Amino acid sequence: MEVIISNTYEELSKAAAAAVAKTLNSKPNAVLGLATGSSPLGLYKEMIRMHKEEGFDFSHVITFNLDEYVGLKPDHPQSYRSFMHENLFNHINIAPQNIHLPGATTGNYRAFCESYEKMIADCGGIDLQVLGIGSDGHIGFNEPTSSLGSRTRIKTLTQQTIDDNARFFKDGEKVPIYAITMGVGTILEAKKIILLANGEAKAEAVAGAIEGPVTSMCTASALQLHKQVNFYLDRAAASKLKMREYFEWIQAKMPHGAA
Ligand code: GLP
């Protein structure tokens, strides 16, 4: 595990973008697992800049998104499909057939979830998984008490997550209570994982993920079992880490990463 603490959100986003570029430079047709939410927005902005200003090529990249609300039409402004197109896909040269998101309006969720897992496997698995973290420590929509071996399935959201995500919906508009999400087990199969977190509201969840016991009460803590995971944090998100000084000391000695 590596913990990289940045002074600003912009610096954190650039460090995460460098990790994405490293993966794609060594494997241009890499499979990326992507997340939504405000945390990866700076990373996506930087990927767009790399494409527009440096001609970075995304034409062979394959993507699988982590999760999607159930019941929202694909073109609903708050669907994760809309989010990804608006904030990334519409601005880079990714091939539309290489984009995969959970289908939230399918008639048969169980079959869909199984086929999503199969599609990931058929592409050779995820090379690099991008994650954010919920304030209750969830990854994807794997809410507290999700099995740490879980696979892609429907989850009921907690009230805390519904409240957290209400800010994206119009006043009076209902936040969906169900989502399709890759499972913790699915996520742990990615070859490499990066988790991005900024702001004080994430400090508790981040501390639980990195230093807490491995527990389904904080599904991000399962990342402690993964052999190649990097946390990109700003100072506020890192503020509750007991080992913060140790991580900073390592970073000062090895600014380009130990790996
Ligand atoms: C949602 C998503 C997660 C995301 C989390 C945090 O619950 N399913 O993948 O990590 O929100 O979002 P934000 O980055 O906006 O804080």
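As the structure lists them, so they are numbered: ligands from 1, and atoms in each ligand from 1. All values reported here derive from a predicted model rather than from experimental measurement.
Closest protein heavy atom to atom 12 (O) of ligand 1: G37 CA, 4.0 Å. Ranking protein heavy atoms by distance to atom 16 (O) of ligand 1, first place goes to K202 NZ, 2.5 Å.
In this view, Y9 satisfies the ring pair (Phe, Tyr, Trp, His ring centres under 6.0 Å) rule with no residue, not counting sequence neighbours.
Atom numbering of ligand 1 starts at 1 in the shown order; those under 4.0 Å from a heavy atom of G132 are 10 (O). Numbered from 1 in the order shown, with element, the atoms of ligand 1 that lie under 4.0 Å from a heavy atom of D67 read 2 (C), 8 (N), 9 (O). Within the listing of ligand 1, atoms 1 (C), 7 (O) sit less than 4.0 angstrom from a heavy atom of N165. Atoms of ligand 1 lying under 4.0 Å from at least one heavy atom of H138, given by number and element, are 1 (C), 5 (C), 7 (O). Close contacts between ligand 1 and S39 involve ligand atoms 13 (P), 14 (O), 16 (O) [criterion: under 4.0 Å to a heavy atom]. Listed by number with element, the atoms of ligand 1 under 4.0 Å from a non-hydrogen atom of Y80 are 1 (C), 2 (C), 8 (N).
By the criterion of a heavy-atom distance under 4.0 Å, neither the backbone nor the side chain of Q160 is placed next to ligand 1. At a heavy-atom cutoff of 4.0 Å, ligand 1 is contacted by no atom of Y69, backbone or side chain.
Ion pairing between E11 and R235 fails under the 4.0 Å rule for side-chain N and carboxylate O. Ion pairing of K45 with E10 is absent here, as no side-chain N (NZ or NE/NH1/NH2) approaches a carboxylate O to less than 4.0 Å. Taking the charged nitrogens against the carboxylate oxygens, E54 and R49 do have a contact shorter than 4.0 Å, which makes a salt bridge. Remark: E114 does not engage R110 in a salt bridge, criterion side-chain N to carboxylate O under 4.0 Å.
Close N/O approach between G140 and ligand 1 is found [any backbone or side-chain N/O within under 3.5 Å]. For ligand 1, the polar-atom distance check finds no N/O of T36 at less than 3.5 Å from any of the ligand's N/O atoms. Taking distance alone, with nitrogen or oxygen atoms compared against 3.5 Å, I133 approaches ligand 1 more closely than that limit. Taking distance alone, with nitrogen or oxygen atoms compared against 3.5 Å, T161 stays at or beyond that limit from ligand 1.
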task = Output, in order, the C-alpha distance, side-chain angles, deciding distance and verdict of ring-ring contact (aromatic ring centres under 6.0 Å, His included) for F141 and Y69.
result = CA-CA 9 Å; F141 268 128; Y69 289 117; 5.6 Å; yes

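The shell of residues lying under 4.0 angstrom from ligand 1, judged by heavy atoms, excludes K155.
Annotation: F169, atom CZ; neighbour count of heavy atoms from other residues, nucleotides and ligands within 6.0 Å is above 12.
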Can you list, pair by pair, the side-chain donor-acceptor contacts under 3.5 Å of residues 34-42, counting residues two or more places apart and other chains?
from: S38; atom 1: OG; to: R167; atom 2: NH2; distance (Å): 3.2

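N87 and I48 get closest at one heavy-atom pair: O-CD1, 3.3 Å.
Ring orientation note: the planes of F58 and F56 are tilted relative to one another, at an angle of 30° to 60°.
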